[in-house]
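Presented below is the structure to which this report refers.
Numbers restart at 1 for each chain; the letters A, B, ... are given by sequence-line order, proteins then strands.
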Protein chains: 2
Amino acid sequence: MAEAITAERAARSLQDLGYRLTPQRMMILEAVLESEDHVTAEELYEQVRKKYPHISFSTVYRTMELLRESGFVTQTDLGGGRVQYHPVDKATHHHLICQVCGSVDEVDQDVFSGLQRELRERYNFDATLTHFAIFGRCGRCRD
Amino acid sequence: MAEAITAERAARSLQDLGYRLTPQRMMILEAVLESEDHVTAEELYEQVRKKYPHISFSTVYRTMELLRESGFVTQTDLGGGRVQYHPVDKATHHHLICQVCGSVDEVDQDVFSGLQRELRERYNFDATLTHFAIFGRCGRCRD
DNA sequence: GCGTTAAGTGCAAGTAGTTGCAGTTGAACG
DNA sequence: CGTTCAACTGCAACTACTTGCACTTAACGC
């Protein structure tokens, strides 16, 4: 968590886990890790296609699933019809999504520390709370 | 929150909010409220089709969106490819979904009370935590 | 009841993401 | 290096859900 994830380090970890290191995977991996915050599958697809025009959407989706399972990225559906991917070592903020007006507000990490601790202690569950989406009703829409 | 939601009461509320009371809506509304716990759009569609064979999927989806906005149902994507709908006055439990093995465990409501209070106090946000999905890694997959 | 009209419905086409399958290729072993 | 083979890729078909549009109808006033 403390040290930054580089594409090379992640690639070696994937290899250690028994996965093969294909050029497509390397390019997708680099593209996600280079992203400032969120990326969508389409953005990744376009990014990789510049270097490697033959890439397919299936490969992007399957690689992202692999990276998620391996713990390098998390994905969030903010309700906008497109899933957002982001590296786990970045973007430790969260979203409050109003189900009435669709507005999205950001929340600090520390609001969740109590929950996270409790889930680990009581349920032995390691919650991925690095980028969390909470649905509900904002103050403006409650009136 | 304390009193049970009946189809008639919900129907009147919808009318008060300016929505029209169509037979399709009434049947979908009854079908959700009668459901024990979760329902998918397809289950609702099949249920309503018994009485009203002309119903379309669009109507089911649009009605569920309306019921969600009006606060009668909540929806959750447990990662199984289909969204689950359920009445807000039932099923106040939550899910821990392992992103590695896909297992789903249930959690009690009280784990979230602190978070809910904090979101309301600090962000003036009324979080819908009646049926919540938390992704992460279960104890079995952390090893 | 009857007419008016904006809300609602059904259909068909569209979008994001998934999956089965045949062909390709990274990597392990000789 | 060359062979082997399961992991991986690309394609095309598919699923869940959404949306635009023309037609229908609930609800309100008369």
- prompt: Picking from C:dG17, D:dC11, D:dA27, which would you name as closest to the side chain of B:Leu21?
  reply: D:dA27
- prompt: Does B:Thr22 have a side-chain nitrogen or oxygen under 4.0 Å from the phosphate oxygens OP1 or OP2 of D:dT25?
  reply: no
query: To the nearest angstrom, how far is B:Ile55 atom CD1 from C:dT9 atom C1'?
result: 8 Å
task: Starting at atom CG of A:Asp77, determine the distance to atom P of C:dG17, rounded to an integer number of angstrom.
output: 8 Å
message: Expressed as a whole number of angstroms, how long is the span from B:Leu66:CG to C:dA7:C1'?
response: 11 Å
query: Can a donor-acceptor pair under 3.5 Å be found between the side-chain atoms of B:Arg20 and the base atoms of D:dT25?
result: yes
statement: Residue pair B:Phe57/A:Arg62 against DNA chain D: nearer the 5' end by closest nucleotide is A:Arg62
- prompt: Side chain of A:Ser58, base of D:dC11: donor and acceptor closer than 3.5 Å?
  reply: yes
task: For the pair A:Ser113 (side chain) and A:Asp110 (backbone), establish whether a donor and an acceptor sit closer than 3.5 Å, ignoring hydrogens and angles.
output: yes
- request: Using a strict 4.0 Å threshold on nitrogen-to-oxygen distance, state whether B:Glu46 and B:Arg49 make a salt bridge.
  value: yes
- request: Look at the rings of B:His38 and B:His86 and say which category their plane angle falls in: under 30° parallel, 30 to 60° tilted, over 60° perpendicular.
  value: perpendicular
message: At 4.0 Å (heavy atoms only), tell me whether B:Tyr45 reaches a base, stays on the sugar-phosphate, or touches nothing.
response: nothing
query: To the nearest angstrom, how far is B:Met64 atom CE from C:dT9 atom P?
result: 13 Å
query: Atom OH of A:Tyr19 and atom C1' of D:dT9: how far apart are they, to the nearest Å?
result: 16 Å
message: Expressed as a whole number of angstroms, how long is the span from B:Leu14:CG to C:dA7:C1'?
response: 13 Å
- prompt: Any donor-acceptor pair under 3.5 Å linking the side chain of B:Glu43 with the backbone of B:Thr40?
  reply: yes
Quiz item: A:Arg25 side-chain donor-acceptor pair to C:dG26 base, under 3.5 Å: no
d(CD, B:Glu69; P, C:dG8) in whole Å: 11 Å
task: From the options C:dG20, C:dA16, C:dA27, select the nucleotide whose nearest atom is closest to the side chain of A:Gln15.
output: C:dA27
- prompt: Is A:Gln24 near enough to D:dC8 that one of its side-chain N or O atoms lies under 4.0 angstrom from OP1 or OP2?
  reply: no
task: Look at A:Ser56 and D:dC11 and indicate whether a side-chain polar atom (N or O) is within less than 4.0 Å of OP1 or OP2.
output: no
message: Using whole Å, what does the distance between atom C1' of nucleotide D:dC14 and atom CD of B:Glu42 come to?
response: 14 Å
message: Can you tell me if B:Tyr61 touches the phosphate of D:dC17, counting only side-chain N or O atoms and a distance under 4.0 Å to OP1 or OP2?
response: yes
message: Quick check: closest heavy atoms across B:Leu33 and B:Thr6, and the distance to 0.1 Å?
response: CD1-C, 3.7 Å
field: Side chain of B:Arg82 - closest among C:dG10, C:dA27, D:dT15
entry: D:dT15
